[in-house]
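Notes to accompany the following structure.
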There are 2 protein chains.
Amino acid sequence: MSSKSSCLVTKLSHYVSLSDADRDRLATLEKAERNFGAGYEVYQGGDENKDLYVVKHGWAFSYTDLPDGRRQIVKIHHPGDIIGFPDVALKHATTTLRTVEEVCLCPFPKSSLDEILRRSPRLSALLLSIALRDQVVLIDVLRAMGRMSAQERVSYMLLDLIARLRITNRDMTDTIRLPMTQSQIADYLGLTNVHISKTFIRMEEDGYIHRDQNRLRILREDAMIELTDFHDRYADMDTSWFPQD
Amino acid sequence: MSSKSSCLVTKLSHYVSLSDADRDRLATLEKAERNFGAGYEVYQGGDENKDLYVVKHGWAFSYTDLPDGRRQIVKIHHPGDIIGFPDVALKHATTTLRTVEEVCLCPFPKSSLDEILRRSPRLSALLLSIALRDQVVLIDVLRAMGRMSAQERVSYMLLDLIARLRITNRDMTDTIRLPMTQSQIADYLGLTNVHISKTFIRMEEDGYIHRDQNRLRILREDAMIELTDFHDRYADMDTSWFPQD
DNA sequence: CGGTGGATTGAAACCAGTCAATGGGTGTGG
DNA sequence: CCACACCCATTGACTGGTTTCAATCCACCG
């Protein structure tokens, strides 16, 4: 079982030590894999809710549209993420999944969760914690959308991206690859592409960031952390209450 | 065991049939109870994360502040809700809990979840589903905040409140009690109290709602559902994949 | 009866949106 | 290999929804 190459195991092991049995359970989730080109819609909101996906590589995002076309991107997915988890609670998908670039996904059926819940209390606790932690992150995004200016929102997004990428990539520096277009960033932050453009330019002038192609360097991370009152929700979780199995 | 009087059991039974053992497990969560006056802060963001709470009666809300005082209310709590669930994943509370009016809460320790995860896969699945459903709801709120006008946001909030209250109160009509101030509503919707006032007046003039004291009547629910593309996330959940115990 | 918190009202300021034109890079097909 | 199309980022002028600030009104309460 090549669990070494599993982003999911890597990501989850960051929080808690897993038994061999649990590692195997997770590895089976990544048995199948499918590749998609850039800008491909894997499933659509309203579709019957069949599979979950583990991201093996590439970026994707989930979004919803209003009837008149306004779009809100609600989550950006990176390697190791589980896609579609929130929809498990419902019968139909609530969001549409779209790839940003070339992506490899591992689909697995909802019913795999059944197995985990029955056999591994410890893994169940971890999955529950991930779901709850994601709620906290959504709440942070909500705060950004409700009460922050454009520059603060962009700063928040960049800090959040870096924090997430650092989990699986410990030697991440202050430079990230940002394959999303400014329109997509706008749809994520509740702004317009025009205003994103102006905000990036302003932030570059002010020395917060430096851009080069689709790579972006954070120059004043501390200032941005203070500006947005940023808290890293990914580095630590409270696993002290977990069942020992 | 007076599980008949338990809002939590009522709320959860709405989704799935529970064994007596499971009902008892839930009932023990409501053993203790504490009363609080209006406008009381039960715990604060940053506090060590000790207890969860089940709401027995009264409204409360969770919020976060930015350093400069901007406030975002992230969740409004009603009877039967579990408060502080998202924070289980972390060591410290991320939000402050404040009562809207006189409230009765039942505190229980995080470790009670341990027991549930080890003993009842079915109840574990339900708790996980609740957490995931709440994520979907947060995503809906996010969409409202990111892409909707003031009137649309207010409409969305009212529809959401009604949908939630209808779960435990099946004979709810089109009239709800709204004990929150306009400043609190503004902090929930990412607007200002002034604009909330103007928006309510406008909506009343346009025949969407009627206000009387702190009671509010929805006159054109269908129009508001269409305006906001509203989906009820509370009525149905997909419990088909749950372990049978 | 004064004090207080909440709701309302109006004027002015501002952040972000809209619209439209321009430029740059990339890939494709002739 | 060049011409063209297309997508994306940029730019500027104008618009507009929401905020800000401040004053007033109102109900409730001690």
Side-chain angles (χ1 to χ4, degrees), chain A residues 37-40 59 66 68-73 98-102 144-157 177-206 209-216 227, chain B residues 37-40 59 61 66 68-73 98-102 144-155 157 177-206 209-216 227:
Chain A
Y40 187 84
W59 286 29
L66 286 172
D68 67 355
R70 285 176 283 182
R71 174 165 299 181
Q72 180 64 46
I73 293 177
R98 187 185 178 92
T99 59
V100 172
E101 53 189 344
E102 293 220 336
M145 304 276 287
R147 290 305 185 202
M148 288 186 190
S149 69
Q151 183 169 337
E152 290 165 333
R153 290 188 215 185
V154 170
S155 301
Y156 169 76
M157 175 187 173
R177 190 176 62 92
L178 227 189
M180 295 169 71
T181 69
Q182 292 186 353
S183 292
Q184 290 166 346
I185 294 172
D187 287 337
Y188 180 61
L189 295 178
L191 299 165
T192 57
N193 56 351
V194 174
H195 204 59
I196 291 292
S197 172
K198 287 172 178 165
T199 303
F200 268 136
I201 290 167
R202 182 71 195 284
M203 288 180 70
E204 200 157 18
E205 285 171 359
D206 293 350
I209 57 172
H210 178 73
R211 290 179 295 164
D212 180 36
Q213 306 281 48
N214 66 1
R215 303 196 68 78
L216 189 147
L227 183 68
Chain B
Y40 186 84
W59 287 29
F61 59 82
L66 286 171
D68 67 356
R70 284 174 284 182
R71 175 165 297 180
Q72 181 65 46
I73 293 178
R98 188 184 179 93
T99 60
V100 171
E101 52 189 345
E102 292 219 337
M145 304 275 288
R147 291 303 185 202
M148 288 186 190
S149 70
Q151 181 169 336
E152 290 166 334
R153 290 188 214 186
V154 170
S155 300
M157 175 188 174
R177 192 175 60 92
L178 227 189
M180 296 170 71
T181 68
Q182 292 186 353
S183 291
Q184 290 165 348
I185 294 171
D187 287 337
Y188 179 62
L189 295 178
L191 299 164
T192 58
N193 57 350
V194 174
H195 203 58
I196 291 292
S197 173
K198 288 172 179 165
T199 303
F200 267 135
I201 290 167
R202 182 71 195 284
M203 289 179 70
E204 200 158 18
E205 285 171 357
D206 293 351
I209 58 172
H210 177 72
R211 292 179 295 164
D212 179 36
Q213 305 282 46
N214 65 1
R215 303 197 67 79
L216 190 144
L227 184 67

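Lettering follows sequence order; numbering is per chain, from 1. Hydrogens, waters and symmetry mates play no part in the numbers below; they use all other heavy atoms, side chains included. It should be emphasised that the depicted structure is a prediction, and the values quoted were computed from it without experimental measurement.
Rounded to whole Å, the distance from CG on A:Leu191 to P on D:dG17 is 17 Å. Separating the CD atom of B:Gln213 from the C1' atom of C:dA7 is a distance of 13 Å, rounded to the nearest angstrom. The CG-P distance, from B:Leu189 to D:dG17, rounds to 18 Å in whole Å. Spacing between atom CZ of B:Arg70 and atom P of C:dC15 amounts to 12 Å, rounded to whole angstrom units. The interatomic distance linking A:Arg71 (CZ) with C:dG17 (C1') rounds to 18 Å, in whole Å. Nucleotide C:dA7 holds its C1' atom 14 Å from the CG atom of B:Leu178, rounded to whole Å. In this structure, A:Arg202 places its CZ atom 12 Å from C1' of C:dC15, rounding to the nearest Å. Taking atom NE2 on B:His195 and atom P on C:dT8, their separation rounds to 14 Å, with Å as the unit.
Contact detail for B:Val100 and B:Pro179: the closest heavy-atom pair is CG1-O, 3.7 Å. Scanning both residues, A:Arg147 and A:Glu152, for their nearest heavy atoms gives O-OE1, 4.4 Å. Between A:Ile73 and A:Tyr188, the shortest heavy-atom distance links the atoms O-CD1, 3.3 Å. Taking both residues in full, the closest heavy atoms of A:Leu189 and A:Met145 are given as O-SD, 3.4 Å, listed atom of the first, atom of the second, then distance.
Annotation: side chain of B:Ser183 is not in contact with side chain of B:Arg71 (no heavy-atom distance under 4.5 Å).
Of the residues in residues 145-155 of chain B, not one places a heavy atom less than 4.0 Å from an atom of DNA chain C.
Panel note: side chain A:Ser197, backbone A:Asn193; no donor-acceptor pair is recorded below 3.5 Å.
Distance check: B:Leu227 CG to B:Met148 CE gives 7.5 Å after rounding to the nearest 0.5 Å. Atoms NZ and CG, on B:Lys198 and B:Leu191 in that order, are 12.5 Å from each other to the nearest 0.5 Å. Between the OG1 atom of A:Thr99 and the CH2 atom of A:Trp59 there is a distance of 13.5 Å, given to the nearest 0.5 Å. Interatomic distance, A:Glu101 CD to A:Met180 CE, rounded to the nearest 0.5 Å: 10.5 Å. With rounding to the nearest 0.5 Å, the separation of CZ in A:Arg211 from CZ in A:Phe200 is 6.5 Å.
Within the helix from C:dC1-D:dG30 to C:dG30-D:dC1, the inter-axis angle between the opening and closing five-pair segments is 30°, rounded to 10°.
Among the heavy atoms of the strands lying under 4.0 Å from B:Gly190 are primed sugar atoms or P, OP1, OP2 only; no base atom is included.
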Check nucleotides 8-10 of chain D against the protein and report each pair of N or O atoms closer than 3.5 Å, with its distance, or say if there are none.
from: D:dA9; atom 1: OP1; to: A:Gln182; atom 2: N; distance (Å): 3.4
from: D:dA9; atom 1: OP2; to: A:Gln182; atom 2: N; distance (Å): 2.9
from: D:dT10; atom 1: OP1; to: A:Arg211; atom 2: NH1; distance (Å): 3.2
from: D:dT10; atom 1: OP1; to: A:Arg211; atom 2: NH2; distance (Å): 3.2
from: D:dT10; atom 1: OP2; to: A:Gln182; atom 2: OE1; distance (Å): 3.3
from: D:dT10; atom 1: OP2; to: A:Gln182; atom 2: NE2; distance (Å): 2.7
from: D:dT10; atom 1: OP2; to: A:Ser197; atom 2: OG; distance (Å): 2.9
from: D:dT10; atom 1: O5'; to: A:Ser197; atom 2: OG; distance (Å): 3.4

